[in-house]
Colleague: 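Let me begin by handing over the structure; questions about it come next.
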There are 2 protein chains.
Amino acid sequence: MTSAQVGQRVAGFIAACRRQGVKATRQRMEILRELAATGEHPDAETVFSRVRRRLPSISLDTVYRTLHMLQEKGVIARVPSMQDRARFDANMDRHHHFVCTVCGRISDFYSAALDSFAPPPAVRALGAVDSVHIELRGRCRKCRSELKKNK
Amino acid sequence: MTSAQVGQRVAGFIAACRRQGVKATRQRMEILRELAATGEHPDAETVFSRVRRRLPSISLDTVYRTLHMLQEKGVIARVPSMQDRARFDANMDRHHHFVCTVCGRISDFYSAALDSFAPPPAVRALGAVDSVHIELRGRCRKCRSELKKNK
DNA sequence: TCGCAAATAGGAATTATTCCTATTATGAGA
DNA sequence: TCTCATAATAGGAATAATTCCTATTTGCGA
Ligand SMILES: [Mn+2]
Ligand SMILES: [Mn+2]
Ligand SMILES: [Zn+2]
Ligand SMILES: [Zn+2]
């Protein structure tokens, strides 16, 4: 995401706050800006340490509270994870993830084929499907080359 | 899974323990038995409280330790989750999950179409894919009917 | 600008998980 | 079957992630 796009995203959120009678605080802006600027799907602690560079007095609790609020409002998403910490994603376009089982890195990818996937009939018995998410697991480029080096 | 199938599963694990020089303890058997008997993808605490009925003195730590060990050996799998607790799955057949966004319930389903999913070319740039996991999100039957009741 | 409700900072509390270590019990060998 | 070495366990302490509490601050409507 370009810096201009991030700016737009934040501006849009400010407008949404006004509309919903929610305060557009500096903390909220910076947290969203930080998340929108990266494709890394960071955890709360990572967002905290980065936002802190611009808002040195921000608290970790505010980061957690804000990330949850943004998720509730549908502005960002929480990514399911095998690890024991929550990870977040500002990319709300329909997309999927490649997860490196070595370093934990999560990368986005898109698939027209999956976007038009129709759930099998057996699924209808389970419930109403709202969305489809693919997780590909493997070893990322970086981890593969490091693996090669060490052998 | 039928009770007989669960028994076979546990028997197979006992044999594997012998082969690998790992002790086949009562605790390990009961933990695996409990997980194999349910399709709920329970968390450690849930497994603990159930196994406890048969082994009242088992410790929570043993449950955590054993679940990890079983996962390391490839006997069970850890399921990625949005929640802040790890969930486990004894079903090692190739399958996918329907996750209820209201109650968190995870149900298995099978799909030949999805099993043959070929990652788009862009993924090759990210790394080497080892496995494909589909997660359908929606509202399960139960949550849907309760939703209807309350409106 | 003023006043107030909403939001924050900072620390305490809670929850999930892991670590530590004295004790127990599996299983190889006699 | 009995014995013994040691892998594994129980239970409690420690740690890590997240949430709660509350005095103070701040956004923003009037
Ligand atoms: Mn993403
Ligand atoms: Mn499953
Ligand atoms: Zn990697
Ligand atoms: Zn449900």
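It should be emphasised that the depicted structure is a prediction, and the values quoted were computed from it without experimental measurement. The basis for the numbers below is simple: all heavy atoms, side chains too, and nothing from hydrogens, waters or symmetry mates. Proteins come first, then strands; the chains are lettered A, B, ... in the order of their sequence lines, and each starts at number 1.
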Colleague: Report yes if the side chains of A/Leu114 and B/Leu114 come closer than 4.5 Å at any heavy-atom pair, otherwise no.
Modeller: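 Side-chain contact under 4.5 Å: yes.
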
Colleague: Using whole Å, what does the distance between atom P of nucleotide C/dA28 and atom CD of B/Gln20 come to?
Modeller: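 The answer, rounded to whole Å, is 14 Å.
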
Colleague: Show the numbers, then the answer: is there a salt bridge (Lys or Arg N to Asp or Glu O under 4.0 Å) between A/Asp130 and B/Arg137?
Modeller: CA-CA 6 Å; A/Asp130 292 327; B/Arg137 287 183 210 152; over 6 Å; no

Colleague: Measure from CD on A/Glu45 to C1' on D/dT15 and round the result to the nearest Å.
Modeller: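 Answer to the nearest Å: 14 Å.
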
Colleague: Would you mind building the protein contact string for nucleotides 19-30 of chain D? One character per nucleotide, 5' to 3', B for base within reach (heavy atoms under 4.0 Å), S for sugar-phosphate only, - for untouched.
Modeller: BBB----BBS--

Colleague: How long is the line joining CZ of B/Phe48 and C1' of D/dA10, in whole Å?
Modeller: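 Whole-Å distance recorded here is 10 Å.
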
Colleague: Mind calculating the distance between CD (B/Gln83) and C1' (C/dT15) to the nearest angstrom?
Modeller: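 Distance check: B/Gln83 CD to C/dT15 C1' gives 14 Å.
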
Colleague: Would you say A/Asp89 and A/His97 make side-chain contact, with heavy atoms under 4.5 Å?
Modeller: yes

Colleague: Roughly how many Å is it from CD1 in A/Ile58 to P in C/dA7, rounded to a whole number?
Modeller: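 Going from CD1 in A/Ile58 over to P in C/dA7 covers 14 Å.
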
Colleague: Please check if the side chain of B/Thr66 supplies one atom and the backbone of B/Arg28 the other of a donor-acceptor pair under 3.5 Å.
Modeller: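 Checking the backbone N and O of B/Arg28 against the side chain of B/Thr66, no donor-acceptor pair under 3.5 Å is found.
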
Colleague: Would you mind reading off the distance between B/Leu70 atom CG and D/dA8 atom P, rounded to a whole angstrom?
Modeller: 12 Å

Colleague: Output the rounded distance in Å from CZ (B/Arg87) to C1' (C/dT17).
Modeller: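 About 17 Å, once rounded to whole Å.
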
Colleague: Look at the side-chain N and O atoms of B/Arg85 and state whether any lies under 4.0 Å from the OP1 or OP2 oxygen of C/dT15.
Modeller: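 Answer no for this pair, as no side-chain N or O of B/Arg85 is under 4.0 Å from OP1 or OP2.
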
Colleague: Would you mind reporting whether B/Asp43 and B/Phe48 have side-chain heavy atoms less than 4.5 Å apart?
Modeller: no

Colleague: Check whether B/His133 reaches the backbone of B/Ser131 with its side chain - one donor and one acceptor, N or O, closer than 3.5 Å.
Modeller: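 Pair absent, no side-chain N/O of B/His133 close to backbone of B/Ser131.
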
Colleague: OP1 or OP2 of C/dA9 sitting under 4.0 Å from any side-chain N/O of A/Thr62?
Modeller: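 So the side-chain polar atoms of A/Thr62 do come within 4.0 Å of the phosphate oxygens OP1 or OP2 of C/dA9, strictly under.
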
Colleague: Please report the distance, rounded to the nearest Å, between CD in A/Glu72 and C1' in C/dA7.
Modeller: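 Distance, rounded to whole Å: 17 Å.
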
Colleague: If you find the nucleotide of DNA chain C closest to B/Ala86 and the one closest to A/Leu55, which residue's nucleotide is nearer the 5' end?
Modeller: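 Nearest-nucleotide comparison on DNA chain C picks A/Leu55.
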
Colleague: Can you list everything that forms a side chain to side chain contact (heavy atoms under 4.5 Å, CB included) with B/Arg54? Sequence neighbours excluded, please.
Modeller: B/Glu30, B/Arg33, B/Glu34

